[in-house]
Amino acid sequence: MPADLFTGDGSPVTELEIMKGDLTVILHELIAGQTDIVYGDRISALDETPDGVEVTFRSGPVRTYDLVVGADGIHSGVRALAVGPESGFVTHLGLHLGYCTVPDAGPLDDWFEMCNQPGRMLGLRPERGGTAKAMLAFAADTVVAGMGWRAEPEASAPHGLRGHGMACARASRTSLALVGAYVLAGELAREVALDAAPASDGARASDRGPASDGGGVDHTAAVRRYEEIMRPLVKAAHTLPPGGADGFLPRSRFMLRMRVLTARFMHHWPMKQLVARMLDRSEAIELPRYDAPVANAR
């Protein structure tokens, strides 16, 4: 499947991409020296007060923040503390999906190679430094044993595939999470700019709406606009393709053959156009442009 076969945010292949680790390094360098970063800990309690949110860490310290944003994935501990248990927000799809870094199992020739068997799938893609990214999907407890192909050497490696699975649910993919982070940071920075604007600036002051109870930056207005902007994209992202989870991970050899046949038709009209429209979510949202520097939002 060539990189230019499909375009758009939902495309399974792309001409330009950035590895998650590389992006993490870039973001870390941008905030180094400006932000306290705590490693190896997690939040165990949240207590909202008139002065902010008291955050208790598992290691013991208690700190107060203006705003707490939960960005800790499908099984978010912050969400559970703030709004309720996971069962009220996650819809499980009946399969598991995991990613990890493994020693390169051999020459991949710059291709993402996949091995599909009924109810399970292993994918390997090359990366710099002699390692590979592995994707494992399965619908049963037996994950690697007897799968053959390159699964056995990867499972026996020191940092192999075992133990890296996680529940697959209707949740944000990385690109969706990044878009959400951009919008939320931008809206918060916008509130900072509005708060700093002269009171006589009627045009800008009117954008703020009712003042926050505590005065100063009104983060509730930023969160409200974040919800309005992101909801159409999230709704599109949560719409499953035809076949749902079983289409992604067929449970029989016959359905596997049908998927291979469908993949071949995807290169040609009219299937190519139909799939392109299904994958492209870019029209679901028009991203705002934020003039206020995001770094000013604290």
Side chains of [X] and [Y]: does their closest heavy-atom pair fall under 4.5 Å?
| X | Y | value |
| --- | --- | --- |
| I229 | E286 | no |
| T64 | V55 | no |
| V53 | D47 | no |
| E227 | R224 | no |
| M135 | M114 | yes |
| L287 | V179 | yes |
| R120 | L136 | no |
| H75 | V90 | no |

Taking salt bridge (Lys or Arg N to Asp or Glu O under 4.0 Å) as the test, write out the residues that go with [X], two or more places apart.
| X | result |
| --- | --- |
| R58 | none |
| E228 | none |
| D22 | R128 |

Which residues satisfy the side chain to side chain contact (heavy atoms under 4.5 Å, CB included) test with [X], sequence neighbours excluded?
| X | answer |
| --- | --- |
| D109 | P107, W111 |
| L67 | V69, L188, H219 |
| V83 | R79, F89 |
| S59 | D41, F57, P61 |

Shortest non-hydrogen separation from [X] to [Y] and the atoms involved:
| X | Y | answer |
| --- | --- | --- |
| L108 | A132 | CD1-CB, 4.4 Å |
| D72 | G77 | OD2-N, 2.9 Å |
| A139 | G94 | CB-O, 4.1 Å |

- prompt: Is T131 reaching over with its side chain to a backbone N or O of T101, donor-acceptor style, under 3.5 angstrom?
  reply: no

So does R251 get a backbone contact from the side chain of D246, meaning a donor-acceptor N/O pair under 3.5 Å? no

Would [X] end up clustered with [Y] when hydrophobic side chains under 4.5 Å apart are linked, directly or stepwise?
| X | Y | result |
| --- | --- | --- |
| L184 | V78 | no |
| M121 | F112 | yes |
| Y65 | L81 | yes |
| Y99 | V25 | no |

| request: Just do the side-chain contact (heavy atoms from CB on, under 4.5 Å) check on L249 and L97 with the steps written out, would you? | output: CA-CA 10 Å; L249 195 67; L97 182 65; over 6 Å; no

Could you walk me through whether Y290 and V183 satisfy the side-chain contact (heavy atoms from CB on, under 4.5 Å) test, starting with their C-alpha distance in whole Å, then the side-chain angles of each, then the deciding distance to 0.1 Å, before giving a yes or no? CA-CA 9 Å; Y290 299 106; V183 172; 3.6 Å; yes

Checking L178 against L23 for the side-chain contact (heavy atoms from CB on, under 4.5 Å) test, could you report, in this order, the C-alpha distance in whole Å, the side-chain angles of both residues, the deciding distance, and whether it holds? CA-CA 10 Å; L178 289 176; L23 179 61; 3.5 Å; yes

For V62, the hydrophobic cluster (side chain heavy atoms closer than 4.5 Å, chained through members) also holds none

Under a side-chain separation threshold of 4.5 Å, the hydrophobic residues clustered together with V38 are none

One should read off an interatomic distance between H96 NE2 and F138 CZ, to the nearest 0.5 angstrom, of 5.0 Å

Sorted by chain and number, sequence neighbours left out, side chain to side chain donor-acceptor pair (under 3.5 Å) with E54 holds for none

Sorted by chain and residue number, the side chain to side chain donor-acceptor pair (under 3.5 Å) partners of R42 (sequence neighbours excluded) come out as none

Distance-only check: which donor-acceptor pairs under 3.5 Å involve side-chain atoms of residues 253-264, not counting sequence neighbours?
| from | atom 1 | to | atom 2 | distance (Å) |
| --- | --- | --- | --- | --- |
| R259 | NH1 | F248 | O | 2.4 |
| R259 | NH2 | N116 | OD1 | 2.3 |
| T262 | OG1 | M258 | O | 2.9 |

